[in-house]
Amino acid sequence: MNLTLEAIRILDTIDRKGSFGAAAVALDRVPSALTYSVRKLEEDLDVLLFDRRGHRAKLTPAGQELLTEGRHLLRAAAELEQRVKRTATGWEVELRIVLDAIIPFEKMLPLIREFDLQDSGTRLRFSTEVLSGTWERLISGDADLAIGVAYEGPDLIRGSGGFRVKPLGNLEWVFAVALHHPLATMEEPLSVTDIQRYRAVVTGDSGRMLPSITAGLLTGQATLTVPTVHDKLAAQLAGLGCGYLPRKWAAPYLASGALIEKQTSENKPAGIPQYAWRTDGRGKCLKWFLAKLADPAVQDMLLAK
């Protein structure tokens with residue numbers, strides 16, 4: 001008798017029920033059939049799996065090791081069975097979503113809670129990238145859906161029928177500095193020369209293959225590169241540099257006076273956040289999220305501070 005899932009299931013049931021007789025009832029088998037199966041397995045493996053000296057069937061150390069590892073196989077088999085059933089009903093086994101840093105993960109929590117009510121069994125896997133790094137995840141096949149991506153994507157996206165891109169909503173940007181920053185008291189509109197004299201705070205593009213995106217950065221300007229837009233806001237509040245921020249993020253600090261809005265002679269290049277997905281994905285989970293992302297209320301929620 002080869003080591004099979006059925007053999008492991010028999011060992012598991014005997015161990016949980018405490019006896020061959022109780023296990024036979026649970027498995028709707030006669031006790032002699034279970035006894036034969038276990039003895040045959042012991043002969044094939046040339047090990048003793050149960051200590052039969054007491055009233056309760058007790059695993060030997062070898063039997064315990066076999067069952068401990070075997071239970072991993074039982075769980076894996078059960079999960080595989082569920083994944084196959086989910087796939088047959090149209091739900092993906094897993095949906096991989098990459099967020100641009102402009103969309104903090106906590107903004108996705110209400111959508112995740114709502115999606116859980118579908119009871120689909122689809123696993124959600126989130127990652128975060130910045131600027132071109134977000135596009136790279138989608139192009140490479142490491143993500144099925146990208147949210148908050150900058151602009152309409154590289155030429156590979158625009159020239160391919162393998163991707164769809166839609167606007168996520170409007171995002172207004174404001175040039176802001178801390179109250180104690182030298183630019184705070186300069187006459188407006190700030191010129192390019194004025195701004196170039198001071199360090200800019202930028203979020204680092206996480207892309208490795210595509211050309212980096214550097215929106216709002218002046219040629220030759222010193223930079224402080226930070227991981228996320230949250231960090232960019234914190235650095236500018238600390239007076240460590242200047243730069244553009246989403247108005248919704250900056251609004252409370254503009255109202256309190258911690259940040260000062262400054263008009264510039266050259267506005268930040270326009271760029272509407274997008275969401276994009278691979279057109280070869282047709283599962284119900286992807287369709288559910290696409291329907292939500294098309295909702296203006298959801299868009300406002302995702303882009304708010």
Side-chain angles (χ1 to χ4, degrees), residues 96-112 124-154 157 168-169 171-178 180-181 183 195-196 198-254 258-259 261 268-276 293 299 301-305:
R96 300 161 301 171
I97 301 174
V98 59
L99 306 176
D100 188 87
I102 199 68
I103 309 291
F105 173 70
E106 56 264 28
K107 291 294 180 180
M108 297 300 300
L109 298 179
L111 287 181
I112 295 172
L124 301 178
R125 182 183 295 273
F126 286 88
S127 59
T128 298
E129 298 287 348
V130 183
L131 299 172
S132 70
T134 312
W135 284 115
E136 284 187 5
R137 282 282 184 131
L138 191 66
I139 293 170
S140 67
D142 291 333
D144 308 298
L145 172 64
I147 304 176
V149 288
Y151 315 112
E152 294 182 358
I157 290 284
L168 186 60
L171 189 63
E172 184 182 358
W173 296 83
V174 55
F175 189 88
V177 295
H180 55 282
H181 191 279
L183 288 174
I195 297 172
Q196 278 180 322
Y198 299 96
R199 182 170 62 183
V201 182
V202 298
T203 51
D205 191 311
S206 63
R208 294 173 176 82
M209 304 297 293
L210 296 174
S212 296
I213 299 173
T214 55
L217 182 63
L218 300 175
T219 302
Q221 188 176 14
T223 58
L224 171 63
T225 303
V226 298
T228 69
V229 182
H230 274 299
D231 300 320
K232 176 175 165 61
L233 173 60
Q236 290 185 219
L237 282 167
L240 299 178
C242 60
Y244 289 92
L245 291 165
R247 181 175 291 278
K248 290 181 178 179
W249 291 47
Y253 307 101
L254 294 171
L259 286 177
E261 178 179 357
K268 176 181 172 67
I272 298 175
Q274 314 277 328
Y275 61 100
L293 292 172
Q299 295 178 359
M301 181 268 293
L302 292 177
L303 294 176
K305 173 66 174 71

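Throughout, numbering of the chain's residues begins at 1 and tracks the sequence. If you're wondering where the values come from, they're calculated on a predicted model, not measured in any experiment.
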Nearest heavy-atom contact between Ile103 and Lys107 is CG2-CB, 4.4 Å
- prompt: Should the pair Tyr244 and Phe175 be assigned to parallel (<30°), tilted (30 to 60°) or perpendicular (>60°) ring geometry?
  reply: perpendicular
Nearest heavy-atom contact between Pro273 and Gly169 is CD-O, 3.5 Å
_pair Met108-Ile147: side-chain heavy atoms closer than 4.5 Å_ = yes
- Task: List the steps, then state whether side-chain contact (heavy atoms from CB on, under 4.5 Å) holds for Leu259 with Leu233.
- Result: CA-CA 10 Å; Leu259 286 177; Leu233 173 60; 4.0 Å; yes
Residues Leu245 and Ala176: closest non-hydrogen pair is CD1-CB, 4.4 Å
The side chain to side chain contact (heavy atoms under 4.5 Å, CB included) partners of Ala258 (sequence neighbours excluded) come to Leu237, Tyr253, Ser256
Separation between CD1 (Ile97) and OG1 (Thr128), nearest 0.5 Å, reads 11.0 Å
Those residues at least two apart in sequence (or on a different chain) that pass side chain to side chain contact (heavy atoms under 4.5 Å, CB included) with Val98 are Ser127, Glu129, Thr134, Arg137, Ala143, Ala146
When rounded to the nearest 0.5 Å, the distance separating CG of Leu131 from CD of Glu136 is 11.0 Å
query: Is the backbone of Val174 close enough, under 3.5 Å, to the side chain of Glu261 for a donor and an acceptor to pair up by distance?
result: no
Those residues at least two apart in sequence (or on a different chain) that pass side chain to side chain donor-acceptor pair (under 3.5 Å) with Arg125 are Glu94
To the nearest 0.5 Å, atom CD of Gln221 lies from atom CD1 of Ile195 at 7.0 Å
Would you check if the side chain of Trp135 reaches a backbone N or O of Ala150 as a donor-acceptor pair within less than 3.5 Å?
yes
Value for CD (Gln236) from SG (Cys242), rounded to nearest 0.5 Å, stands at 7.0 Å
- Query: Are Val149 and Leu138 side-chain neighbours, meaning at least one heavy-atom pair lies under 4.5 Å?
  - Reply: no
Residue set satisfying side chain to side chain donor-acceptor pair (under 3.5 Å) with Glu172, at least two apart, ordered chain then number -> Arg247
Here the gap from Leu240 atom CG to Lys232 atom NZ, rounded to the nearest 0.5 Å, amounts to 12.0 Å
Are side-chain heavy atoms of Leu293 and Leu145 found at a separation under 4.5 Å? yes
- prompt: Are the side chains of Leu303 and Pro246 in touch, meaning some heavy atoms are under 4.5 Å apart?
  reply: no
